[in-house]
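Quick note on labels: first sequence line is chain A, next is B, and so on, each numbered from 1.
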Amino acid sequence: MSKYPDDDRRLQLLATDDGKAWKELYDELRSPFRLFFVKYGALEPPAALELYQEAMVALHRNIISGRLQAPLASALKTYLFGIGKVLVKKKGAGDKNWDDDIPEVPVAPEVESREEQKAKAELARRLLAQVDGPCRQVLELAYLRGFVMEAIAEELGLPSAGAARKRKHDCLKKLRELL
Amino acid sequence: MPSEFYDIDSLERYLTRRMAEEERAVFEGRLQQEEGLRRELAAYRPLLESFRALRAEDFRRQMQSWEEQWVQAGTDETELIEWYLDGELPGPARRRVEQRMAEDEAFAREVAAYRQLREGFDAARTEDFRTKLEGWEKDRPARTARLWPRLAAAAAVLLLIGLGFNWYVQANFSAEAIAEAYYQPPPGGATMGEGPDRQEAVSQRFEAANRRFKEGQYPEAFRAFDALLAELPAAPIDELTRTFYRENSEWSRLLAALGMDAGQSPAQPPAFGLRAEARRIAATEGHEFQEPARALLRKLDSPLYQWAN
C-alpha cells in the first residue's frame with residue numbers, strides 16, 4: 001500500500017523527464033524550500049535559491065536514473081528538502097544537525113562540484129560532435145532525453161528495441177575509442 | 001581481451017546501478033579478477049558520467065528559463081517582505097531585512113505598503129467574519145444566548161483590530177440609531193379620504209407625537225403615540241384612516257420605546273414589551289410595518305446590537 005499515492009503518480013511522470021511536470025514541481029516547491037533554508041539554514045535568499053537548484057538537479061538525477069522509485073517512503077518534498085540538507089551539511093554551511101531528517105536518497109558527490117560537472121558535460125559535447133549524425137542521434141535520445149529502447153526504435157524507424165540497443169552500444173563504443 | 005568482447009550492457013547497468021544485487025556481486029568478482037574488464041569499466045565510466053553531466057546541464061538551462069519567469073514576476077522581493085511581516089524570519093535574517101529597510105528608503109516604502117495592504121486584507125476578512133456572524137445569528141436565533149460569550153470574544157478581537165468597527169456598530173446598531181433608521185415620518189398633510197374637520201384633532205395629535213419623535217424626545221413621543229392609540233378606536237374617522245394612524249402610531253411608539261432603551265431617556269413604561277410588540281407587528285398579516293418589524297427583530301437579535309447596547 002503506497003503511503004504517498006499522489007507523489008507516486010507524479011514520480012512516474014517525472015521519471016519520463018516530462019518538462020511540464022518538472023516545472024510544476026519546481027514552481028511549487030521553490031518558495032517553501034527557500035523559506036526553510038533561509039529560516040533554518042541561515043542562508044541569504046540568493047544562496048537558498050542556488051541551493052534549491054542544486055537540490056533539484058540531484059533530485060532530477062535520482063528520478064530519471066530510476067534510483068528513486070515508487071512506492072515512495074517519503075513525500076517528494078521531503079526528499080528534496082533532504083537533499084538540500086545533505087548539500088548544506090557537505091558544504092559545511094549552517095549549524096543544524098539534520099541527520100535524522102534526511103531520507104535515504106543518494107546524492108552524487110559531483111553535485112557539489114559545478115566545475116567538474118561542467119568539464120564532464122563539455123567532454124560529452126566534444127565527443128558527440130565527433131561522431132556521425134545517426135550515432136549522435138541515438139546517443140542523445142538514450143542519454144540526454146531518456147528515451148527507452150522501444151521509443152528510440154520508433155523515433156529512428158528501427159525494426160525493434162533490440163536493434164536500437166545494438167546501435168546505441170555500437171555508438172557508445174565509437175565514443176569510447178575517441179577517449 | 002579486446003574491448004569489443006566485453007558486454008557494454010553489463011558495464012552500463014553496473015555503472016548506472018541498475019544491476020540486481022546477485023548479478024552485481026558476480027560482476028564485482030569478475031572485476032577483481034579481470035584487468036581488461038577493469039580497464040573497460042574505467043573507460044566507460046567517464047563517458048556515462050559526461051552524459052549524465054550534460055543532461056544535468058540541460059536541466060539547469062531549463063531551470064534558468066523557469067527562473068526568468070520568476071524574475072520577471074519579481075515575486076522574490078515580495079516574498080521576502082511577506083516572510084518578514086509574517087514573523088517567519090529568525091534573528092539574523094530578520095535583522096538583515098531591518099537593516100536594509102534602514103538603508104534603502106524604497107525598500108522600506110515597499111515594506112510599509114505591504115504592511116498596509118495586509119492590514120486591509122485583515123480588515124476585509126474581519127468584515128467577512130462579522131457578516132457570517134450576523135448570518136448565523138439570523139439562522140439560529142435560539143442559540144444566541146449560548147453563542148453570545150464566543151461572539152462577544154470575537155467582537156472584542158474585532159474592536160482591538162479597530163478600523164472603525166466600533167464606530168460602525170454604534171452608528172448602525174445602537175438603539176437610538178436603529179430607532180432613527182426605522183422611523184418613517186408620516187406624509188405631509190395626510191388625509192385619508194375624510195374631511196379635515198373630522199380628522200383634524202387626530203391628525204394634530206399624530207403630528208405632535210411625530211414632532212416629539214423627530215426631536216428625540218422619546219418618552220414624550222411614546223406617551224403621545226400611546227395616548228393616540230388609546231383614543232383611535234372611538235375617533236370619528238373612517239376605517240382606512242383609522243388603520244393608517246393605528247399602524248403608524250404602533251410602529252412609532254415601538255421605535256420611541258427603543259429610543260428610550262438607549263439610556264438617554266427615562267426608562268420605558270414597564271408594561272410595554274418592546275420585543276413582544278415587535279413580534280406582534282411582524283406576525284400581523286397586512287400590517288404596514290410587518291416587514292420592517294421582521295427586519296427590526298433580526299437586528300435586535302444580532303450580537304452587534306447587544307454589543308452596541
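Within the 4.5 Å cutoff, the side chain of A:L128 has heavy atoms near those of the B:L54 side chain. In this structure, A:R165 and B:I8 have side chains that are not in contact, with every pair of non-hydrogen atoms separated by 4.5 Å or more. Side chains of A:K23 and B:Q69 form a contact here, defined as non-hydrogen atoms less than 4.5 Å apart. With a 4.5 Å cut-off on side-chain heavy atoms, B:E67 and A:R30 count as touching.
Side-chain contact, A:Y143 with B:E12: a donor N or O sits under 3.5 Å from an acceptor N or O.
Proximity to chain A (any heavy atom under 4.5 Å) is shown, for B:R94, by neither the backbone nor the side chain. Both the backbone and the side chain of B:E88 come within contact range of chain A, judged by heavy atoms closer than 4.5 Å. In this structure, chain B has heavy atoms under 4.5 Å from both the backbone and the side chain of A:I64. Residue A:E122 does not touch chain B at all, counting heavy-atom pairs closer than 4.5 Å. Only the side chain of A:L179 has a heavy atom closer than 4.5 Å to any heavy atom of chain B. The contact between B:A93 and chain A is made entirely by side chain atoms (from C-beta outward), counting heavy-atom distances below 4.5 Å. Interface remark: A:R145 contributes backbone atoms only to the contact with chain B (heavy atom separation under 4.5 Å).
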Side chain to side chain contact (heavy atoms under 4.5 Å, CB included) evaluation trace for A:M56 with B:R60: CA-CA 9 Å; A:M56 264 287 170; B:R60 281 180 196 282; over 6 Å; no
B:Y44 and A:K173: CA distance, side-chain angles, deciding distance, side chain to side chain contact (heavy atoms under 4.5 Å, CB included) verdict: CA-CA 9 Å; B:Y44 279 102; A:K173 269 186 193 172; 3.2 Å; yes
Test side chain to side chain contact (heavy atoms under 4.5 Å, CB included) applied to A:Y26 and B:F59, step by step: CA-CA 11 Å; A:Y26 183 89; B:F59 185 63; 5.8 Å; no
Chi angles and distances behind the salt bridge (charged side-chain N to carboxylate O under 4.0 Å, His left out) call for A:K118, B:E57: CA-CA 8 Å; A:K118 280 180 184 170; B:E57 291 286 296; over 6 Å; no
Verdict with reasoning, B:F51 to A:E140, per side chain to side chain contact (heavy atoms under 4.5 Å, CB included): CA-CA 9 Å; B:F51 282 132; A:E140 283 178 352; over 6 Å; no
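B:E98 CD: more than 12 foreign heavy atoms inside a 6.0 Å radius. Residue A:Q130 places its CD atom among more than 12 non-hydrogen atoms of other residues, nucleotides or ligands, all under 6.0 Å distant. A 6.0 Å sphere centred on CD of B:E105 holds no more than 12 heavy atoms belonging to other residues, nucleotides or ligands.
Taking NE2 of A:H169 as the start and CG of B:L11 as the end, the distance is 9.0 Å to the nearest 0.5 Å. Taking CZ from A:R176 and CD from B:E40, the interatomic distance works out to 4.0 Å, rounded to the nearest 0.5 Å.
Heavy-atom pairs under 4.5 Å with chain A peak, among B:D76, B:T75, B:L80, at B:D76. Among A:S31, A:P45, A:G66, the residue with the largest count of heavy-atom pairs under 4.5 Å with chain B is A:S31. Highest contact tally toward chain B, considering only A:D17, A:L127, A:L139, is held by A:D17 [criterion: heavy-atom pairs under 4.5 Å]. Per-residue heavy-atom pair counts under 4.5 Å with chain A were compared for B:A56, B:P46, B:P92, B:S50, and the maximum is reached by B:S50.
Between A:A121 and B:A53, the shortest heavy-atom contact is N-CB, 3.7 Å.
A donor-acceptor pair under 3.5 Å links the side-chain atoms of B:R18 to the main chain of A:S65, judged by distance alone.
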